[in-house]
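Everything on this sheet refers to the single structure shown next.
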Amino acid sequence: MEASFPKTILSHGMDNRYLVLAVSTVLNEEGNSEKHLIITASQSLEYEEQCILRNDWCTTPVEPGDIIHLEGDGTSGTWIIDEDFGYLILYPDILISGTSIASSIRCMRRAVLSETFRSSDPATHQMLIGTILHEVFQKAISNNSFTPEKLQELACQIFQEIRHLKEMYRLNLNPDEVKQEVEEYLPSFAKWAGDFMHKSTSADFSQMQLSLSSDGSNNNSTCNIEVINSLDIEESIWSPRFGLKGKIDVTVGVKIHRGSKTKYKIMPLELKTGKVSNSIEHRSQGETKKKFKDPSAPQRPPSAFLFCSEYHPKIKGEHPGLSIGDVAKTLGEIWNDTAADDKQTHEKKAAELKENTKRILLPMELKENQMQQKTGVVKADKSKKRKRRKRMRRKRKMKRKKMMMYMEESGNCIGNLIRTEHVKRVCDGQYLHNFQRKKGAMPVTNLMAGDRIILSGEERTLFALSRGYVKEINMTTVTCLLDRNLSVFAESTLFRIDQEEKNCDIDTPLGNLSKLMENTNARFVTMNKSEFLPTFLRNITKSMDLLFSKKLRDLIIDFREPQFIPYLSSVLPHDAKDTVASILKGLNKPQRQAMKKVLLSKDYTLIVGMPGTGKTTTICTLVRILYACGFSVLLTSYTHSAVDNILLKLAKFQIGFLRLGQTQKVHPDIQKFTEEEICRSKSIKSLALLEELYSSQLIVATTCMGISHPVFSRRTFDFCIVDEASQISQPVCLGPLFFAQRFVLVGDHQQLPPLVLNREASKIMSLSNKLTYEGKLECGSEKVANAVINLPNFKDVKLELEFYADYSDNPWLIGVFEPNNPVCFLNTEKVPAPEQVEKGGVSNVTEAKLIVFLTSMFIKAGCNPSDIGIIAPYRQQLKVINNLLVHSFVGMVEVNTVDKYQGRDKRIILVSFVRSNKDGTLGELLKDWRRLNVAITRAKHKLILLGCVPSLKRYPPLEKLFCHLNSEKLISFLLCIWSHLIVLL
DNA sequence: GCTCTGCTTAGAGGA
């Protein structure tokens, strides 16, 4: 049997995870179908339990091999899930949003598609209105100010925010109409506040019917509800028990007055805007409205209401297992039974927040008693029970700790962190946090700057508090940019960081492909008058897109030959000729030919740029020429840093740029080109100004993935330049091409970006040249004269080495440190240095030790740690090296994979090849000659290769390398390290 | 066999 989630750790208890072993459908005594499951929660699969699904649950599509979570009572070894009691959650570790579940009732495919492909559900102006209104309401309730003037002011502010203006641009809306539409709702906000907040006596509050299951009284007593304060905005709830996730518009503290009794509760508050329709979602809304029995309800539904816990309309037979009713019920239970009798103040917010989360995640713990009563479990004597509970708790804790350590070992998590320093607020929704280990140093981790993370508390109740990314990580501190401010938690709170699972973005590439295949028959839909103009404009844009699709299909799928116009005079504007001529002056002949070809192209041009051929310069010149000719240009590349590389070179020329997309490290010289900075400096606060910016003759620069930006919904360009095109997958590379008449792809199908060349580097280059370019690569510049690596304290190091071993008697040491020796290969054949194969990958401890030893010697000799780079093809080896570095006080030396070193260089590069075995095992990784080519072309001054020659010889590319190393007189040779020298380590 | 980059996210409303 194949398990659906083989990594799931099966367990009992609150977070139980069962593996389904067998499923059978049987008829019970009443003649109704039941599904009987044989399940197990033991890793060894030996202890079997039974689960019976009745009523609607019978249609749950559960199969052998599935992982399920059960809620209810399984104490007897048999779980019974029916319409009254219990839940089965299929794939509980896939968290599904409430919206997706709601939309799945109408159309399952639709829900799955919109969860997978964002673009399948395009933005509408109603959504924009809804978003703005939500923000107005949230601001108003957190400031506790619902006066008409204040609401008006808030609406104005929010309306002017750049992200909303961008959406207006995308949708081609009239800003006055949007604003008016927003304002129409404001009185209902004020009314809501009047009804539910700020009243002097409880009798003034709107009456509503609430059934509070918590007090066990009859379900229809009338009570007054009073919203006291707002505790949180957009609080996220993740429940790995119910398999649900979502966000709460506003978390509020309310007082419920019934007769003489008053109860304080924390409740979620959900806001709905828009018109009433007969949809399931709106029917639910209507239900709620009825429950509130608000006699003065306006024609529109109430603008806001409490989504109270008791609300769970049952909608039967529309969805197996989990209907919206169930979702609501689930959420309801989550929020249930949490009454606190005294009113809580703002100072208690931290505690409240914590409590809050507890409520979200541990409803069943609170309900434990109730459930046992309901199922009639005979209670053992109390002390026994207490002991058992204690034991269970300890067991659970131990298990968690074990899991935690397992996670940390895998390198995808860092636990036991405490907050240090103050939280720095960057802007709304961005807070800079610093964390340190409570005890000891950071563990060895895969986490790197830029990685997306989920931040949780170590207590399970504080699960998934916030998300964000790693800004910086070193041996003692990890700095994260998070979407929530965690200073509300006590200083002693222990946190953990988990790497967010890769969100494989299939949306853009598949979206691009489907766009490529779109039919050219643009359809005009019927529309009302007020919508006519924007819709018309959208369709015009749409039909242009479709023309581009047709053309791209011809070129890319049908391989139509690209066309060129015969004469430059027809493309070069008269007044640009001089400028263009002067720009061309600085170029060599092939570069000038490339420029000409691009200018003459009607479809596309391909530019192959081998390392060192001045690819970036060529692109810059091209951009300058196109700009001078008055063409609009879209400039894209594979990575943010590659985009910025080009912009950095162009920054000295008088060219305007619009740099789109969020980069974590923006160069100060490029900062002024970012959209964010432009909008700030020009204080763009109206759609008119934004439209002016977007339509100006700025060169738009972004990554290939950045094409969902609003600007592309309304603009096309004369030229699109794609840098590093050979590194980008075709479906992604396709994206920007839809927005331009002509495109230029620049890249090297053999290799990667160029490097700074000098004499040593050129020798280094000869390696690469022989291996992959068959001698076609030439050194592009002779200007760099400082030939050798500078090691000011080398004498001291030499002395130290003499102390351990006779330096002059060991040619390998000379080979390594001799400045005039740019390349050497250290053969570990005789050491020996065998590889280790583990679940995390391949590593080689001896090689790692040698690398760290050599690195420390270079640093002692006076080399700057930042000038040294360590490369290994395997992640596991990086971990081992990093771990050794942490304990060797060598300082920050960059250790990375070959792939990550693409397009970059260092003065000294040490490569650990790792593979060393006698059985002839080969990995795929080193068979790719392009990877080897990258590894050996990253060094500017010194390249030290380390590995076991006989093992590596089995890889054809490496064999070629050894052949070359042996034959090349100018560079160093294969050097054997003798085992007695390992004493150094 | 073990490697990489790009994406904020759920929900914003309608049907």
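To find a chain, count down the sequence lines: A is the first, B the second, and so on, and within it residues start at 1. Keep in mind that this is a model prediction, so the values were computed, not measured.
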Pairwise C1' distance, B:dA12 and B:dT8 [rounded to whole Å]: 15 Å
Distance in angstrom units between [X] [atom1] and [N] [atom2], rounded:
{"X": "A:E135", "N": "B:dG11", "atom1": "CD", "atom2": "C1'", "answer": "12 Å"}
{"X": "A:E724", "N": "B:dT5", "atom1": "CD", "atom2": "C1'", "answer": "12 Å"}
{"X": "A:Q499", "N": "B:dT8", "atom1": "CD", "atom2": "P", "answer": "18 Å"}
{"X": "A:M127", "N": "B:dG11", "atom1": "CE", "atom2": "C1'", "answer": "9 Å"}
{"X": "A:E181", "N": "B:dG14", "atom1": "CD", "atom2": "P", "answer": "9 Å"}
{"X": "A:E234", "N": "B:dA10", "atom1": "CD", "atom2": "C1'", "answer": "8 Å"}

Mark yes or no for whether [X], through its side chain, and [Y], through its backbone, hold a donor-acceptor pair below 3.5 Å.
{"X": "A:E847", "Y": "A:V914", "result": "yes"}
{"X": "A:Q836", "Y": "A:V845", "result": "yes"}
{"X": "A:Q138", "Y": "A:V250", "result": "no"}

Just jot down the salt bridge (Lys or Arg N to Asp or Glu O under 4.0 Å) partners of A:E472, sequence neighbours excluded, or say none. none
Among all residues two or more places apart in sequence or in another chain, which pass the ring-ring contact (aromatic ring centres under 6.0 Å, His included) test with A:Y169? A:Y694
ring-ring contact (aromatic ring centres under 6.0 Å, His included) with A:F913: which residues, sequence neighbours excluded? A:F825
Which pairs of donor and acceptor atoms, one on a side chain in residues 242-249 of chain A, lie under 3.5 Å apart (sequence neighbours left out)?
from	atom 1	to	atom 2	distance (Å)
A:D249	OD2	A:H134	NE2	3.0
A:D249	OD2	A:L271	N	3.0

Of the nucleotides [options], which has the atom closest to the [X] side chain?
{"X": "A:T639", "options": "B:dA12, B:dC7, B:dG6", "result": "B:dG6"}
{"X": "A:K245", "options": "B:dG13, B:dA10, B:dT3", "result": "B:dA10"}
{"X": "A:Y874", "options": "B:dC2, B:dC4, B:dC7", "result": "B:dC2"}
{"X": "A:K247", "options": "B:dT9, B:dT3, B:dG14", "result": "B:dT9"}
{"X": "A:H640", "options": "B:dC4, B:dG13, B:dG6", "result": "B:dG6"}
{"X": "A:Y638", "options": "B:dT5, B:dT3, B:dG13", "result": "B:dT5"}
{"X": "A:R875", "options": "B:dC7, B:dG14, B:dC4", "result": "B:dC4"}

Can you name the residues that form a side-chain hydrogen bond (donor to acceptor under 3.5 Å, both in side chains) with A:E835, not counting sequence neighbours? A:R915, A:N917
For [X] and [N], is the shortest distance between a side-chain N/O and OP1 or OP2 below 4.0 Å?
{"X": "A:R467", "N": "B:dA10", "value": "yes"}
{"X": "A:R915", "N": "B:dC2", "value": "yes"}
{"X": "A:T131", "N": "B:dG13", "value": "no"}
{"X": "A:S97", "N": "B:dG11", "value": "yes"}
{"X": "A:S708", "N": "B:dC7", "value": "no"}

Wobble G-U and Watson-Crick pairs count when both distances are under 3.5 Å; given that, what is the 5' to 3' dot-bracket string of DNA chain B, with | for pairing to other strands? ...............
Regarding A:D249, tell me which of base, sugar-phosphate or nothing describes its non-hydrogen contacts under 4.0 Å with the strands shown. sugar-phosphate
